[in-house]
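For ligands, and for the atoms within them, numbers begin at 1 and follow the listed sequence. Remember, it's a predicted structure, so these values are computed and weren't measured experimentally. One is the number of the first residue; the rest follow in order along the sequence.
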Amino acid sequence: MQALSPPPSSSSLSSSIVGTSRRRRPPTGPLVVHCIHRSYDSVNFPAGVVSSRSDWQSSCAILSSKVVGQEQPPETADSIASVNGHKTIDLDLVPIDKAAADGTATVGKPLTITDLAPAPMHGSQLRVAYQGVPGAYSEAAAGKAYPKCEAIPCDQFEVAFQAVELWIADRAVLPVENSLGGSIHRNYDLLLRHRLHIVGEVQLPVHHCLMALPGVRKEYITRVISHPQALAQCEHTLTKLGLQAAREAVDDTAGAAEYIAANNLRDTAAIASARAAELYGMQILADGIQDDCGNVTRFVMLAREPIIPRTDRPFKTSIVFAHDKGTSVLFKVLSAFAFRNINLTKIESRPHRNRPIRLVDDANVGTAKHFEYLFYVDFEASMAEVRAQNALAEVQEFASFLRVLGSYPMDMTPWSPSGGD
Ligand SMILES: O=C(O)C(=O)C[C@]1(C(=O)O)C=C[C@@H](O)C=C1
């Protein structure tokens with residue numbers, strides 16, 4: 001492994017390094033998209049793609065208030081329009097017949113070159129936004145999803161969404177769940193808040209390394225820093241290694257390695273990828289420290305336009321819905337899929353932000369407070385299938401709000417334990 005000298009840091013992580021604070025946004029300054037232009041030749045990132053941090057620092061672009069100003073109001077059940085006393089459900093479906101007939105994926109909009117081509121023309125690369133800095137697992141996921149893409153690091157998930165909305169990027173690749181650490185709730189909330197469509201998924205084996213500056217021994221380590229998901233995924237192994245070290249959360253795994261290198265911290269270790277160790281000149285103290293060798297993170301790819309669902313390969317569909325008639329309705333909603341033999345692969349509930357609590361008056365027992373939820377469901381069927389359309393028509397009967405987040409090809413890559421990143 002080629003060890004590089006510690007690169008200079010472009011930003012201080014100090015505001016996010018303490019406690020559980022994970023954001024690195026300057027208190028009053030603009031949001032920043034660190035635009036780093038690199039290409040991938042393969043998922044394995046041949047050494048030397050980036051020779052130094054200054055390489056990519058030099059191509060940074062600061063997209064200031066433009067990004068901040070575009071925030072959209074949260075989209076919740078309360079924003080559902082009422083037409084003639086009937087609720088209108090935002091199905092967000094691609095009109096399959098029309099789309100198939102005239103080749104357009106969106107009604108009412110002129111056809112553009114991006115509707116026709118999955119990637120930009122004339123040899124230009126697909127620009128893919130991800131959260132983190134080079135060496136982050138999200139960057140690897142972007143490379144797996146789009147092997148020859150230009151990866152654009154963003155300092156927050158929100159910025160990755162906005163980069164696509166503002167045409168700075170063509171796609172965003174964001175983690176939604178991990179086999180050990182569970183769901184990345186922030187991204188579920190952002191999926192609803194933004195108008196992007198899920199157009200694909202990738203599952204990435206995640207292989208963590210414990211790393212420190214060259215010459216630092218495990219006994220000197222008093223603190224381990226990483227992304228909260230990575231800390232959670234290595235919790236037991238860290239204890240088994242006998243480290244007497246405090247765990248602290250930062251924005252991303254590779255950013256943790258970068259921070260240690262930039263600040264010459266000899267009492268701190270990071271959990272990150274082998275590629276991050278190489279990029280930031282760190283020495284690997286322990287390899288494969290995830291608590292389970294089958295540690296996998298699932299990422300979704302987001303685009304401004306949905307893809308046209310098909311039936312010639314396995315598809316998954318992601319929806320989010322709310323209902324307002326108590327928990328027994330949830331059973332009825334889910335039966336719509338069971339009756340049609342449609343497998344559910346995931347269900348996640350999140351607080352209904354605009355109406356988190358419903359008061360239920362009962363003459364005998366008084367007033368009860370029920371929590372209100374939004375339910376995110378993934379199911380194994382394409383929206384081009386009649387059984388999926390019928391299932392959603394039935395869900396609509398019980399839902400006060402329903403949105404299809406996307407219908408997209410399933411990642412069918414054969415499973416293999418995480419042996420590298
Ligand atoms: O910090 C990184 O390297 C990331 O890409 C983020 C992230 C996550 O959010 O789950 C991605 C994959 C791993 O599960 C750990 C961290």
**Q** Please confirm whether E139 comes under 4.0 Å of ligand 1, counting heavy atoms of the residue only.
**A** no

**Q** So, is T253 polar-close to ligand 1, with some N/O to N/O distance under 3.5 Å?
**A** yes

**Q** Side chain, backbone, both or neither: which part of L204 has a heavy atom under 4.0 Å from ligand 1?
**A** neither

**Q** Can you check whether Q229 has an N/O within less than 3.5 Å of an N/O in ligand 1?
**A** no

**Q** When you measure from the side chain of S407 to the backbone of S382, do you find a donor-acceptor pair of N or O atoms at a distance under 3.5 Å?
**A** no

**Q** Check the angle between the aromatic planes of Y376 and Y188 and answer parallel, tilted or perpendicular using the 30° and 60° thresholds.
**A** perpendicular

**Q** Which residues pass the salt bridge (Lys or Arg N to Asp or Glu O under 4.0 Å) test with E201, sequence neighbours left out?
**A** R298, K316

**Q** May I ask you to list the atoms of ligand 1 that are less than 4.0 angstrom from any heavy atom of T297?
**A** 12 (C), 13 (C), 14 (O)

**Q** Backbone or side chain, does any N or O of H208 fall under 3.5 Å from an N or O of ligand 1?
**A** no

**Q** Suppose we screen for side-chain hydrogen bond (donor to acceptor under 3.5 Å, both in side chains). Which residues come up paired with N187, at least two apart in sequence or across chains?
**A** none

**Q** Report the C-alpha separation of R186 and E158 in whole Å, then their side-chain angles, then the decisive distance to 0.1 Å, and conclude whether the salt bridge (Lys or Arg N to Asp or Glu O under 4.0 Å) test is met.
**A** CA-CA 9 Å; R186 175 85 184 131; E158 174 96 47; 3.3 Å; yes

**Q** Do Y408 and H197 have ring centres separated by under 6.0 Å?
**A** no

**Q** For ligand 1, is any non-hydrogen atom under 4.0 Å from S138's backbone (N, CA, C, O), its side chain (CB onward), both, or neither?
**A** both

**Q** How does D252 reach ligand 1, if at all, at less than 4.0 Å between non-hydrogen atoms: by side chain, backbone, both, or neither?
**A** both

